[in-house]
Structures are given as C-alpha cells and as structure tokens.
Amino acid sequence: MSSSLNLARLRSSQEISAIRKEGQSFSSRNFVLLVKPNLLDTIRYAVIASRRVGGAVERNRCKRRLRSRVTRLAPKITPGNDLLIIARIACLETEPEILDKAFEQVFIQAGLISNHV
RNA sequence: CAGGUCAGCCAGGUGCGCGCGCUUAAUCAGUGAGGAAAGUCCGUACACCGCAGAGCAGGAUGCCAGGUAACCCCUGGGAGGGCGUAAGCUCUCGGACCGGGCCACAGAGACAUACCGCUCGCAAGAGUAAGGGUGAAAAGGUGGUGUAAGAGACCACCGCGUCGCUGGUAACAGGGACGGCCAGGUAACCCCCAUCCGGUGCAAGGUCAAACAGGAGAGAGAGCCUGCUCGGCUCAUUUGAUCUCCGGGUAGACCGCAUGAGUUGGCUGGUAACAGUCAAUCGAGAUAGAUGCGCAUCCACGACAGAAUACGGCUUACCGGUUGACCUGAGAU
RNA sequence: GUCUCCGUGGCCUAAUGGAUAAGGCACUGGCCUCCGAAGCCAGCAAUCUGGGUUCGAAUCCCAGCGGAGAUA
C-alpha cells in the first residue's frame with residue numbers, strides 16, 4: 001500500500017518532451033526506456049505507443065503490456081526518477097516471459113534496480 | 001441428395017484467481033466497446049457567429065410514387081442494356097429547338113458534302129444517292145413496286161414524331177388516326193430547367209478561476225532569523241513596500257457528457273420502407289485516454305477489429321456458424 | 001477528434017480527352033581513353049488500386065488504398 005503511493009503517472013506533454021530531450025536512453029528490441037532524475041522521492045512514468053505500432057487495438061495492447069510490467073517492478077525500482085517507455089512493433093509478437101526478462105535486463109542496465117532478486 | 005440464389009440472426013459461453021475505468025465518503029457490490037465502434041463519403045440534431053426580405057455567385061440532386069427530422073439513404077413501381085438454364089443479379093435514367101465549345105487519325109465529306117460510282121447524252125452538261133471505301137459515328141431499317149438510273153416517290157412490317165382514346169396517383173403501357181421522317185454525337189464539357197443549401201464545428205460553446213501584467217482605492221510600515229521578548233537583517237516611505245476591490249481571462253478544474261428521432265416485446269395500418277399505440281426497461285462515459293492475463297471445462301477452436309458530443313445512412317474489412325424461402329439437376333415412392 | 005490537399009520509371013519534374021506517356025539525374029551495354037572522368041550512341045523502366053462516362057481516360061465521375069499539411 002505504501003509502495004503504490006510513490007508510483008505516479010506523467011500526464012503533461014511538457015514533462016514528457018523534457019524527458020525525450022534530456023533523458024538517458026536504453027533500448028531493446030521491444031521498447032525504448034528514457035530516464036531523467038527528478039527531485040522527488042517518487043517514480044513517475046509514461047507509456048507511449050505511436051501509430052507506427054499499429055491500429056488502436058495494437059497500441060492499447062502494447063501500452064497494457066508495458067504498464068503492467070512497470071507496476072509489477074515498481075517496489076524494486078529506486079525512486080527519484082521519471083521514466084518514459086516507448087513501444088516498438090516487436091513487443092506485440094514476443095512471448096510474455098521473454099518480455100519480462102528483457103524488461104528486467106534493461107532496468108538493471110539503467111541502474112534502476114538496486115536490490116536485485 | 002448435390003449445386004446454386006436471396007433474406008435474416010450470432011460474433012465464444014461458464015466458473016475461480018490477479019489487475020484496470022466509472023458509480024460510492026469508503027469497503028462490499030454493481031457495471032464496462034462494435035456489427036462494423038473504422039473510412040469520414042452524405043444527411044441531421046446541438047452550439048456559437050452572421051442575417052429585414054429577396055437575389056447574384058458557388059455547390060448538390062435529377063425516371064415516377066411513397067417513407068423519413070433529413071439525405072448522394074430506404075421501399076415499391078417504370079423504361080432500356082448486360083450476365084445466368086433458372087431462382088435472381090447488375091448497370092443506366094431531366095433538356096441537344098436558349099446559346100457556345102469539342103469531335104484526333106482515317107475519309108471526298110464530321111453538319112456540311114458527292115471521291116470512286118449509276119443513268120441520259122457525241123460532247124458540254126444534267127439527273128441521282130442504290131452500291132463501294134473510311135470511321136466510333138456518314139440524311140430511318142428490311143423487302144417489294146417503280147424508274148433511264150434512282151429516291152418514303154409509293155406500299156407492307158418495324159422504328160420515329162404529332163394528336164385523340166383506354167388503363168394507371170404517376171413514370172409508363174396498350175391500341176387508333178395522321179405525318180412521310182428537314183437532319184449526327186457529346187450535358188460524369190460549359191450551359192438551360194426544376195428542387196435544395198448562410199458559415200464554422202464539442203479543440204463548438206459555457207461556468208469557476210491560481211500566476212504574470214493592467215486599473216481604482218487605502219496606505220507607513222511589511223517580511224525573515226523565531227513560538228514570545230530584545231536584538232539584527234532585507235524591502236519600502238518623491239518613482240509607493242504592503243493590503244483590499246475591479247474587469248478581461250491564461251494554466252487548471254467543472255459543465256456540455258448520455259433518457260435518446262433510445263432499447264425490447266405485443267397489437268393495429270401499410271405490398272414494403274415505415275408509422276401509430278400499449279407494456280416493460282435504463283445497457284460505457286475515459287481525458288496520453290479504461291476490458292486484459294492465468295487455470296479448468298464445453299463447442300463450431302474464436303476473424304475483422306477498440307467508444308471520445310450524439311443519431312440516421314452509405315462504403316470498406318471479416319474466422320466461421322445457423323435459420324427461412326426459392327431455383328436447377330438426379331434418384332425413390 | 002475536425003478540416004484540407006496530393007499520388008506519373010529508382011529520384012525530380014512535364015502533359016489540351018486523341019503518342020508507342022516526354023525530359024533530366026541514376027542504372028546497363030557500346031564508342032572514345034594507357035586507365036578513369038567528361039562527352040557521344042543505344043537500352044531498361046512508370047500513370048496508386050478497382051469500377052464507370054466516352055468511339056477513345058494519366059486527364060472527367062464514384063469508391064477504396066497510401067502519404068502529407070492545417071487546427072492548441
């Protein structure tokens with residue numbers, strides 16, 4: 001209950017474009033992760049699926065998959081960062097377990113998961 | 001039984017666990033995408049702006065009748081063409097005597113003409129348009145009479161036009177009389193005729209309203225270290241710190257926003273589209289944008305695809321399943 | 001969401017309803033050269049898709065597909 005409090009959504013387009021400009025990027029086949037430290041003790045995130053991914057059904061599916069993995073990993077992630085996750089076409093086809101692994105790998109690479117496993 | 005045609009319906013179900021949006025003070029609980037939600041191709045509602053009334057310009061529609069809030073929509077009917085043995089499917093539809101434009105190449109000639117021809121004649125010339133050739137298209141067609149050769153010059157049938165009659169609300173159909181066919185096509189070229197259309201679109205529009213700047217008034221103190229006193233510091237006291245009020249209104253929030261040309265069922269009228277009436281019922285409302293995942297089980301093994309102000313159509317995409325009517329062929333009784 | 005516009009070889013352009021769809025760059029082959037470049041000659045290759053109007057469609061009409069832009 002307390003862990004869910006420091007996970008928030010980013011809503012304004014100004015903040016998101018700031019992350020796109022200034023954030024550090026870490027990419028995989030399925031998605032791109034951009035990180036920018038904020039001065040708060042919370043994690044704020046946003047998920048983007050552009051028209052390149054597909055129609056409305058495919059875009060919703062991508063966002064759903066990525067969002068659910070963020071909420072699952074949230075207790076492990078070190079707070080104080082803004083995250084921006086951009087979906088790629090491949091994340092529609094990859095198996096859920098492989099996507100899980102790729103997600104953790106990228107977050108370790110970005111140094112966001114401190115107390116791993 | 002096989003093949004086909006048309007019309008309609010469904011769009012995985014049930015249980016458990018985790019998770020999301022909305023309703024709610026909160027839990028529990030309830031509820032939660034489509035037949036096309038799509039394309040944005042038409043038509044409206046609704047909102048604001050404009051507007052005495054009318055017209056011009058521009059655009060749309062175009063066989064007839066009906067339906068509808070309205071329609072490039074639907075239903076029924078008509079004429080003509082194409083496909084199919086058939087059930088049936090499909091395409092076309094005001095005006096060429098308002099006027100203008102265009103009709104390449106070929107061909108003698110494309111809207112006006114006689115090249116090769118035919119006939120008469122010694123010839124000059126005259127009479128012709130049957131046949132040839134060109135072309136998408138060349139002064140009704142076929143057969144006969146007739147003639148020097150020919151020609152609606154005349155006759156029969158068909159086509160065309162005009163005027164009555166009968167049936168039909170009408171488009172039109174049937175049949176009759178007369179004309180003797182004086183003149184091509186194209187209006188998805190301009191145009192003419194009839195009917196309709198003001199513009200912009202929910203990011204419409206409205207309410208509340210930080211901050212910054214502005215105006216009016218009060219005004220000598222206000223703030224910080226610090227909870228209080230002392231003390232200190234900063235900013236003010238001409239160019240005004242600070243406080244109060246004001247209008248417009250940005251960020252943001254809320255309304256618009258889902259009880260409606262609603263849905264389901266019955267009855268009545270109508271061939272039908274549809275209308276009327278009675279009863280029951282409330283079935284999404286997000287705002288970077290909510291519906292999924294796992295397990296079990298049943299089956300036909302799940303396609304196309306995701307609401308964003310709402311509705312009526314059209315068009316396009318689509319795994320399959322199923323119901324009814326009809327047509328053709330074969331066999332049996 | 002709403003509105004507007006466009007679509008011609010690999011790329012950039014042209015076109016009166018009447019052609020075998022034109023030109024430049026690129027590509028391929030040849031000539032030239034000791035070898036290249038340049039130049040010259042020849043070739044390859046296209047009207048987004050499907051219907052319709054018309055004697056005839058890249059052009060006109062309808063539907064679809066794809067791509068741009070505007071709107072805060």
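Source: prediction; values computed, not measured. First the proteins, then the strands, lettered A, B, ... as listed; each starts at 1.
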Which whole number of Å gives the distance between the [atom1] atom of [N] and that of [M]?
| N | M | atom1 | result |
| --- | --- | --- | --- |
| C:G66 | B:U40 | P | 10 Å |
| B:A7 | B:A87 | P | 16 Å |
| B:G321 | C:G56 | P | 44 Å |
| B:G39 | B:A136 | P | 47 Å |
| C:U59 | C:U49 | P | 10 Å |
| B:U287 | B:A253 | C1' | 13 Å |
| B:G312 | B:G262 | C1' | 13 Å |
| B:G62 | B:C190 | P | 15 Å |

*May I ask you to decide whether A:Lys36 forms a salt bridge with A:Asp82, counting only side-chain N to carboxylate O separations under 4.0 Å?*
no
*Would A:Phe26 and A:Phe107 count as a close aromatic pair, with their ring centres under 6.0 Å?*
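Not under 6.0 Å, so no.
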Complement of [N], any strand, by Watson-Crick or G-U distances under 3.5 angstrom:
| N | value |
| --- | --- |
| B:C1 | B:G329 |
| B:C295 | B:G15 |
| B:C97 | none |
| B:C9 | B:G321 |
| B:G62 | B:C193 |
| B:A104 | none |
| B:A33 | none |
| B:C122 | none |

Rounded to whole angstroms, how far apart are [atom1] on [X] and [atom2] on [N]?
| X | N | atom1 | atom2 | value |
| --- | --- | --- | --- | --- |
| A:Arg72 | B:C20 | CZ | P | 13 Å |
| A:Glu58 | B:A303 | CD | P | 12 Å |
| A:Asn60 | B:G292 | CG | P | 10 Å |
| A:Arg59 | B:A286 | CZ | P | 20 Å |
| A:Ile85 | B:A288 | CD1 | P | 17 Å |
| A:Arg44 | B:A288 | CZ | C1' | 15 Å |
| A:Arg61 | B:G292 | CZ | P | 9 Å |
| A:Arg64 | B:C293 | CZ | P | 7 Å |

Is the base of [N] syn or anti, if syn means a glycosidic angle within 90° of 0?
| N | answer |
| --- | --- |
| B:G164 | syn |
| B:A151 | anti |
| B:G152 | syn |
| B:G283 | syn |
| B:A70 | anti |

*Result of checking A:Asn30, A:Ile85, A:Leu33 against A:Phe103 for side-chain contact (heavy atoms from CB on, under 4.5 Å)*: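 When side-chain contact (heavy atoms from CB on, under 4.5 Å) is applied between A:Phe103 and each of A:Asn30, A:Ile85, A:Leu33, only A:Ile85 qualifies.
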*Is the number of heavy atoms from other residues, nucleotides or ligands within 6.0 Å of CD (A:Gln24) greater than 12?*
no
*Answer yes or no: does atom CZ of A:Arg72 have more than 12 heavy-atom neighbours from other residues, nucleotides or ligands under 6.0 Å?*
yes
_Nearest-0.5 Å distance that lies between atom CG in A:Leu73 and atom OH in A:Tyr45_ = 11.5 Å
*Could you grab the distance from atom OG1 of A:Thr78 to atom CD1 of A:Ile43, nearest 0.5 Å is fine?*
7.0 Å
*Return one dot-bracket line describing RNA chain C 5' to 3' (Watson-Crick or G-U wobble pairs, both distances under 3.5 Å; ( ) same strand, [ ] crossing, | another strand, . none).*
(((((((..((((....[...)))).(((((.......)))))....(((((..]....)))))))))))).
*Work out which heavy atom in A:Asn81 is nearest to a heavy atom in A:Pro37; give both atom names and the distance.*
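Between these two residues, the closest heavy atoms are OD1-CA, 3.3 Å.
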*Toward the 5' end of RNA chain B, which comes first, A:Ala56 or A:Ala46, by nearest nucleotide?*
A:Ala46
_Need to verify one output field. Residue with the more 5' nearest nucleotide on RNA chain B, A:Ile48 or A:Val57?_
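Taking each residue's closest nucleotide, the earlier one in sequence belongs to A:Ile48.
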*asked:* Considering every strand and a 4.0 Å limit on heavy-atom distances, what is the contact class for A:Arg65: base, sugar-phosphate, or nothing?
replied: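 Touches nothing.
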_Side-chain donor or acceptor of A:Arg59 paired with backbone N/O of A:Ala49 under 3.5 Å_ =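 Yes, the answer is positive, given that a donor and an acceptor are paired below the 3.5 Å cut-off.
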*Within the side chain of A:Arg65, is there an N or O that forms a donor-acceptor pair under 3.5 Å with the backbone of A:Cys91?*
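Confirmed, A:Arg65 side chain pairs with A:Cys91 backbone.
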